[in-house]
Amino acid sequence: MMRPRQRIAILGSTGSIGASTLDVVAHHPGRFEVAGLSAHQRVDELYAQCLHWRPRVAVLPDEARARVLRQRLAAEGVPTEVASGAHALCELAAAPDVDSVMAAIVGAAGLAPCLAAARAGKRLLLANKEALVVGGALLMQAVAEGGAALLPIDSEHSAIFQCLPDARSAWHGHIDHLVLTASGGPFRRRDPATLADVTPEEAVAHPNWVMGRKISVDSATMMNKALEVIEARWLFDLEPERLKVMIHPQSIVHSMVVCRDGSVLAQLGTPDMRVPIAYGLAHPERIESGAARLDFLALPGLSFEAPDAARFPGLPLAWHALAGPAGSTAVLNAANEEAVAAFLAADIGFTDIHRINTATLEGLEPRLGAAPGLDDLLDLDRRARAHARALMRRRVPT
Ligand code: NAD
Ligand code: MG
């Protein structure tokens, strides 16, 4: 019997993860159908994707851009409907003709559509780690109540997921602790005294992975790993003390599960996001990802080291925020999004990112009530951004 095609919506299709997802899909003609695509500003790229993939719907947040895309597609006779606005993303994520949602938007902007997909019981492929950092409890509850399948796409979390038993109920019995590996980014060997002079172009030049600009800066500060520790706390329901981080510069071991009996399970592969994407798309099957195979005999050797606190002061903020009042991780995320954007715009220096993050975390009381909903979290996100921006305007963040 023919397998029904899996209908996918890709939120953030013009980004790095979005493009890699379409690349995996292209390896499997007939297996997947692209039902929806979405972008933020890059209309030309979304237009080209619509011409190629002919989705039912394409979404842009801004109506003026949506109008341009609508006209261009109509001129080509492409029947794709073009929707705009934040609600349109949530409608796409929950649409009845969508089986799987690839959440590849960067930042807290991805939380609402992730919740919509989870509540509608979709297969949710989660690259957008910020959604869990902002609304971990809410999103995990929506996944459980909506009967959604949550597949981690972040390579570390996919690695851990691949090492765990199928039955979620067995996870706790197996795990002693998790080790998230980190490449150490471009500044692993740089003199910390010179970090204040780092330029945006130096910060986004990652040695092992090609990624969007925000996550590339996060990798350089290791805030990416801090966000991933928080992400792991929710995905695997573990106390923060059972989450550890180790630098592994070759990015071959993607993370490890240290079991209660002392056995260590790891997932290995070349650093290529198409592997976790293919795994998420086809789970429990495995399909061709297009990634180069690991050649053990050509490996330069695998090494591991402890993260240096002087060089990466942002990493401990994960445990700090997890131990703080509810909402602290959302505050940290908002401050970091604002600080990274300001750094990329050359408004603040590289080391200011950490100063803004700590000062916002310390200076803003989250004041979330019991069981906060999406609006409460988005309000907190706005307050934290405003706080961070005010600190940057004063230019005396600490
Ligand atoms: P990117 O910047 O390359 O792409 C982001 C996408 O989101 C683009 O399509 C953009 O149009 C869209 N977008 C941005 N802001 C938006 C907004 N406000 N509303 C709607 N759409 C918006 O980023 P990326 O590197 O592909 O990362 C995407 C997510 O995946 C991030 O959360 C990142 O942390 C995570 N992730 C990425 C990688 C990687 O290798 N790139 C690895 C692991 C996890
Ligand atoms: Mg990662």
Side-chain angles (χ1 to χ4, degrees), residues 4-22 24-25 32-74 78-132 134-135 138-139 142-143 145-151 153 212 277 280-281 374-375 378:
R5 295 211 289 179
Q6 192 187 137
R7 298 162 302 177
I8 309 171
I10 305 176
L11 313 183
S13 61
T14 55
S16 161
I17 293 288
S20 295
T21 304
L22 286 170
V24 175
V25 166
F32 302 103
E33 178 184 322
V34 178
L37 296 173
S38 96
H40 191 215
Q41 289 170 330
R42 294 186 223 150
V43 178
D44 288 349
E45 273 148 272
L46 188 58
Y47 168 73
Q49 289 181 344
C50 288
L51 278 189
H52 185 88
W53 294 99
R54 311 242 157 184
R56 177 183 61 76
V57 57
V59 179
L60 283 162
D62 168 52
E63 176 52 28
R65 287 197 174 88
R67 203 173 307 121
V68 172
L69 181 64
R70 211 173 281 131
Q71 282 163 359
R72 290 179 67 185
L73 290 174
V78 178
T80 298
E81 168 201 336
V82 181
S84 67
H87 66 281
L89 266 183
C90 294
E91 270 166 31
L92 170 58
D97 66 348
V98 165
D99 304 307
S100 303
V101 174
M102 167 55 83
I105 287 176
V106 57
L111 175 59
C114 282
L115 278 172
R119 287 179 178 142
K122 305 299 186 195
R123 177 196 283 254
L124 175 57
L125 309 176
L126 189 72
N128 178 209
K129 65 194 81 182
E130 295 92 345
L132 275 177
V134 176
L138 188 64
L139 184 53
V143 165
E145 289 175 2
L150 181 57
L151 279 308
I153 298 299
I277 290 169
L281 283 169
L374 177 62
D375 289 342
L378 295 182

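Position 1 is the first residue of the sequence, and the numbers go up from there.
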Atom CD1 in I8, atom OG in S100: separation rounded to 0.5 Å? 6.0 Å

Applying side chain to side chain contact (heavy atoms under 4.5 Å, CB included) to H52 and V78, what does each step give before you reach the verdict? CA-CA 10 Å; H52 185 88; V78 178; over 6 Å; no

Hey, are the side chains of S13 and T21 touching, using non-hydrogen atoms and a 4.5 Å cut-off? no

Given side chain to side chain contact (heavy atoms under 4.5 Å, CB included), test L139 with L150 step by step and report yes or no. CA-CA 10 Å; L139 184 53; L150 181 57; 5.8 Å; no

How close do C90 and A116 get, heavy atom to heavy atom, and via which atoms? O-CB, 3.6 Å

Of the non-hydrogen atoms in P55 and T80, which two are nearest, and what is the gap between them? O-OG1, 2.7 Å

What are the two closest non-hydrogen atoms of Y47 and R72, and how far apart are they? CD2-NH2, 3.1 Å

Picking from I277, I10, I17, T14, what satisfies side chain to side chain contact (heavy atoms under 4.5 Å, CB included) with L22? I10

Taking the side chain from R7 and the backbone from A35, do they hold a donor-acceptor pair closer than 3.5 Å? no

Pair E81, R56 - check salt bridge (charged side-chain N to carboxylate O under 4.0 Å, His left out), show working. CA-CA 6 Å; E81 168 201 336; R56 177 183 61 76; 3.7 Å; yes

Looking at every non-hydrogen atom in both residues, tell me the closest pair between A118 and L124 and how far apart they are. CB-CD2, 4.5 Å

Flag the pair P113 / V101 as yes when at least one side-chain heavy-atom distance between them is below 4.5 Å, and no otherwise. no

Nearest 0.5 Å, please: how far is CZ in R123 from CD in Q6? 5.0 Å

Interatomic distance, CG@L111 vs CG@L374, rounded to 0.5 Å, equals 5.5 Å

K122 side-chain N/O to A93 backbone N/O, donor-acceptor pair under 3.5 Å: no

Compare every heavy atom of S16 with every heavy atom of G212, then report the nearest pair and how far apart it is. N-CB, 3.8 Å

Mind checking the CE-CG spacing from M102 to L126? Nearest 0.5 Å is all I need. 9.0 Å

Test side chain to side chain contact (heavy atoms under 4.5 Å, CB included), reference L60, set L69, L37, V68, output is L69

Please report the interatomic distance SG(C114) to CG(L132), rounded to the nearest 0.5 Å. 7.5 Å

Ignoring hydrogens and angles, tell me if any N or O in the side chain of E130 forms a donor-acceptor pair with the backbone of G107 under 3.5 Å. yes

Output the distance between atom CG (D62) and atom CZ (R67), rounded to the nearest 0.5 Å. 8.5 Å

Nearest heavy atoms of Q41 and R65, plus distance in Å: O-NE, 3.5 Å

